[in-house]
Asks: 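This is the structure I have questions about; it appears just below.
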Amino acid sequence: MITRPDTHSKLLGYLLWIFGFLGSHRFYYGKPITGTIWFFTFGLFLIGWIIDFFLIPSMDEQADNRFREGEVNYNLGWLLLTFTGVFGLHRMYMGKWISGIIYLLTGGLFLIGVLYDFWTLNEQISERNREAKFN
C-alpha cells in the first residue's frame, strides 16, 4: 500500500471551517469553484457549511492525494495568504520575491491578486515543490 504524505491538515481545515460560510476551507482543500459559491451564498445558506463539517476528512484525503509535498508547506502558505495576503508574505515564502514586493506595494494587486491566489495557491505550491525536487 502506497501512503501519500499529509500535505494538508485536518486541524487547519476545521479551523478554517469555522469561517467556512465564506468558503475558506474549500479553497484550502483545492475546491475554488465551490469555495466561491460558498463565499457568495454564505456556505450555501449555511446548509452546505454544516454538511462540510462531515466532509472535511474526505476533502483532506483528496487534497493529500492531489498535491505534492516538498519544502514549501501548504499549511503555512495558506495561513500567510489568509491573514497577510495583501502584504504578499505567502509569495515571498514561496520564493516569489518580485511578485511579493509588488503585492506589498499594491495591497495584493488591489485584492485581485489575492483572489487569484485563493484560486491557485495549492497548484502554485505543488509546482514550486516539483521544481525544488528536481533542482
Asks: Applying side chain to side chain donor-acceptor pair (under 3.5 Å), can you list everything that pairs with T120, at least two apart in sequence or on another chain?
Replies: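 Counting only residues at least two positions away or on another chain, T120 forms a side chain to side chain donor-acceptor pair (under 3.5 Å) with Q124.
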Asks: Would a 4.5 Å heavy-atom cut-off, applied to side chains only, mark W119 and I33 as touching?
Replies: yes
Asks: Heavy-atom count check: over 12 atoms from other residues, nucleotides or ligands less than 6.0 Å from E127 CD?
Replies: yes
Asks: Quick check: are there more than 12 heavy atoms from other residues, nucleotides or ligands sitting under 6.0 Å from CG of L76?
Replies: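 Yes.
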Asks: Got a second to check how far W78's CH2 is from D117's CG, nearest 0.5 Å?
Replies: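 Going from CH2 on W78 over to CG on D117, the span is 8.5 Å.
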Asks: Is there any ring-ring contact (aromatic ring centres under 6.0 Å, His included) pair reaching into residues 80-101, and which pairs are they, with sequence neighbours excluded?
Replies: H90-Y103
Asks: Measuring from F53:CZ to H25:NE2, what's the distance to the nearest 0.5 Å?
Replies: 11.5 Å
Asks: Can you confirm whether more than 12 heavy atoms, excluding those of L105, are under 6.0 Å from its CG atom?
Replies: yes
Asks: Please answer: with hydrophobic residues joined when any side-chain heavy atoms are less than 4.5 Å apart, are Y116 and V86 in the same cluster?
Replies: no
Asks: Answer whether the closest heavy-atom distance between the side chains of E123 and R66 falls below 4.5 Å.
Replies: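 Yes - at least one pair of side-chain heavy atoms lies under 4.5 Å apart.
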Asks: First locate atom CG of N73, then atom CD1 of I125, and finally report the distance between them rounded to the nearest 0.5 Å.
Replies: 7.5 Å
Asks: To check you understand the geometry: which heavy-atom pair defines the closest contact between T106 and L109, and what is its length?
Replies: OG1-N, 2.9 Å
Asks: What distance do D52 atom CG and L44 atom CG have between them, rounded to the nearest 0.5 Å?
Replies: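 The CG atom of L44 is 9.0 Å from CG of D52, to the nearest 0.5 Å.
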Asks: Of all residues at least two apart in sequence or in a different chain, which pass the side chain to side chain donor-acceptor pair (under 3.5 Å) check with Q62?
Replies: K31
Asks: Does the side chain of W38 reach to within under 4.5 Å of the side chain of L22, using non-hydrogen atoms?
Replies: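 Of all side-chain heavy-atom pairs linking L22 with W38, none is under 4.5 Å.
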Asks: Are the side chains of L121 and M94 in touch, meaning some heavy atoms are under 4.5 Å apart?
Replies: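 The answer is yes; the side chains approach within 4.5 Å.
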Asks: Grab the two heavy atoms, one from S126 and one from Y74, that are nearest each other, plus how far apart they are.
Replies: OG-OH, 2.6 Å
Asks: Checking the side chain of S58 only, and the main-chain atoms of L55 only, is there a donor and an acceptor separated by less than 3.5 Å?
Replies: yes
Asks: Please report the closest heavy-atom contact between T84 and L80, naming both atoms and the distance.
Replies: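 Answer, listing the atom of T84 first, then L80: OG1-O, 2.6 Å.
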Asks: Linking I/L/V/M/F/W/Y whenever any side-chain heavy atoms sit under 4.5 Å apart, do L81 and I18 land together?
Replies: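 In one cluster: yes.
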Asks: Using atom types as modelled and distance alone, determine if a side-chain donor or acceptor of D64 lies under 3.5 Å from a backbone N or O of H8.
Replies: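 At least one qualifying donor-acceptor pair exists.
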Asks: In the single-linkage hydrophobic clustering (I, L, V, M, F, W, Y; side-chain heavy atoms under 4.5 Å), do F39 and I50 co-cluster?
Replies: yes
Asks: Check whether W49 and I47 end up in the same hydrophobic cluster, where Ile, Leu, Val, Met, Phe, Trp and Tyr are linked by side-chain heavy atoms less than 4.5 Å apart.
Replies: yes
Asks: Which pairs, with at least one residue in residues 13-23 and sequence neighbours excluded, count as a side chain to side chain donor-acceptor pair (under 3.5 Å)?
Replies: none
Asks: Charged N to carboxylate O below 4.0 Å: is that the case for E71 and R128?
Replies: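 Answer for the salt bridge query: yes.
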Asks: Using a strict cut-off of less than 4.0 Å between a Lys/Arg side-chain nitrogen and an Asp/Glu carboxylate oxygen, indicate whether E131 and R68 qualify as a salt bridge.
Replies: no
Asks: For the atom pair CZ (R26) and OG1 (T34), what is the distance rounded to the nearest 0.5 Å?
Replies: 4.0 Å
Asks: Give a yes or no on whether the backbone of E61 and the side-chain of N65 come within a donor-acceptor separation of less than 3.5 Å.
Replies: yes
Asks: Does any part of the side chain of L16, heavy atoms only, come nearer than 4.5 Å to the side chain of F27, both counted from C-beta?
Replies: no
Asks: Do F45 and F54 land in one hydrophobic cluster if side-chain heavy atoms of ILVMFWY residues count as linked below 4.5 Å?
Replies: no
Asks: How would you list, by chain and number, every residue that makes a side chain to side chain donor-acceptor pair (under 3.5 Å) with N75, sequence neighbours excluded?
Replies: Y28
Asks: So, using side chain to side chain donor-acceptor pair (under 3.5 Å) as the criterion, who are the partners of E69 when residues are at least two apart?
Replies: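 E69 satisfies side chain to side chain donor-acceptor pair (under 3.5 Å) with no residue once adjacent residues are dropped.
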Asks: Nearest 0.5 Å, please: how far is CD1 in I56 from CG in L12?
Replies: 10.0 Å
